[in-house]
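The structure appears right after this line, and notes come after that.
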2 protein chains.
Amino acid sequence: MTANTRTRLSPDERRTQLLDLGFRLLATRSLDELSIDLLAEEAGVSRGLMYHYFGGKQGFFEAVVQHAADDLYARTAPPAEGEPLERLLASITGYVDYVVANQAGYRSLVKGATAGNDSLRAIYDTTFAALAERFFTADPGGDVFPDTPAVRLVIHAWQAMVEDLVLTWCDSPAGLSREDLLSVITASLPAIIDTLP
Amino acid sequence: MTANTRTRLSPDERRTQLLDLGFRLLATRSLDELSIDLLAEEAGVSRGLMYHYFGGKQGFFEAVVQHAADDLYARTAPPAEGEPLERLLASITGYVDYVVANQAGYRSLVKGATAGNDSLRAIYDTTFAALAERFFTADPGGDVFPDTPAVRLVIHAWQAMVEDLVLTWCDSPAGLSREDLLSVITASLPAIIDTLP
DNA sequence: TGGCGCTATTGAACAATTGTCAATAGACTC
DNA sequence: GAGTCTATTGACAATTGTTCAATAGCGCCA
């Protein structure tokens, strides 16, 4: 299958090709189940090329996670117009649909990122922090929620809940429709914030 | 330091020694940052002994996680007497105190378990499922919460939220006292369940 | 007390994988 | 069509997980 003649691409093309392939392969395997050997063979290139582009297995995984995180962030961008709460709902809907569509990949990357080294966790953390930031900057004038450390703490935890909720719902919807799920997600945030002293 | 004369222990003693050491070492390193070499050297035994007792690195990690999970479950056992809600609060308090006391170890093991293979995830899942089960079997007569798939789904997600909440609170309490934290945790569960359609 | 047997323990050899680097060859320019 | 730049390669070294036959500590019994 792999031609014995090397094909020379531009760095950008090769990079995105490897990243896309990595995302696809990591959807079914975990990071340490994926060897550079397999990756290189699947891509039709040599092992050495992986190190040339990403510096190593770790760097490669970071690049894949960062790529997916950017994609997620872009796909959950709220619309520019509309009521603050409507825009939040649109953003959440985008998140849910993204996770549902990319279930396996999302699961694998999140697991790998949270269990990985500091660089990987940083990507995960900053991405979710950026998503949370929309809750405060969504509407410059009207503040949807007060911006206090306690509220931020609770929102962080609420995000963890939403992640688990969506993934578990994918496995067994428990009789809840997509709209029910969205309703629970959006309604639970103010409900939890209300429990703060 | 390590004597060149081998010391022969009973299987039980050796096993618990290695498990305790593993738990301690895994608190600061992640699983794939911990080599069998280091572990064996630190324990003063040979590499081969690890394989004799645990069958391999994976089996060793599973044993450590299972050990810690049993410990956690035992420490969060609710008192036999008292009102249902009081007993639930006691159980939750036990969980929070355990996580706070064993922060690093808890973090590391949970990360490793959720990112690991099926066996590891099974230990994590069954442990938390057993913890959740107390919410229904706490009081045989009076049902604290209705036992429906949707409620179980939400409780599962609530557990994820609590885990994140406690760990993030450890890093920066955000002006919340331990009692405030416990209050938010206990109050948020019914609040979230109320959002179900 | 001293030899014996059981088995906990060892260490060397093996396998798989990651990482390194000088040499190679494809594509573009003149 | 020759030359240059650099994307790409393949062989080599290092680390780490795993296996297994050989070794030796400890209790038991004469």
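Each chain gets a letter, A, B and so on, in the order the sequences are listed, and its residues count up from 1. Just so you know, these numbers use all the heavy atoms, side chains as well, and skip hydrogens, waters and symmetry mates.
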Between B:Ser177 and B:Asp180: side-chain donor-acceptor atoms closer than 3.5 Å: yes

B:Leu120 reachable from B:Tyr73 in the ILVMFWY side-chain graph, under 4.5 Å edges: no

Cluster link A:Leu89 to B:Leu196, ILVMFWY, side chain under 4.5 Å: no

B/S/- contact track for nucleotides 14-24 of chain D, protein heavy atom under 4.0 Å: ---SBB---BB

Contacts of type side-chain hydrogen bond (donor to acceptor under 3.5 Å, both in side chains), residue B:Asp97, not counting sequence neighbours: B:Arg178

For A:Asp171, side-chain hydrogen bond (donor to acceptor under 3.5 Å, both in side chains) partners two or more places apart: A:Arg107

Nearest-Å distance for atom pair [atom1]/[atom2], residues [X] and [N]:
X       : N      : atom1 : atom2 : result
A:Arg15 : D:dA7  : CZ    : P     : 13 Å
A:Glu13 : C:dA27 : CD    : C1'   : 12 Å
A:Met50 : D:dA7  : CE    : P     : 16 Å
A:Arg14 : C:dG26 : CZ    : C1'   : 12 Å
B:Glu41 : C:dG11 : CD    : P     : 13 Å
A:Leu18 : D:dA7  : CG    : P     : 13 Å

Sugar-phosphate only, base, or nothing, as touched by A:Tyr53 at under 4.0 Å among non-hydrogen atoms: sugar-phosphate

B:His52 side chain near C:dT9 phosphate (N/O to OP1/OP2, under 4.0 Å): no

Given D:dT9, C:dT10, C:dA8, the nucleotide with the shortest approach to the side chain of B:Ser46: C:dT10

A:Gln58, CD atom: more than 12 neighbouring heavy atoms under 6.0 Å: yes

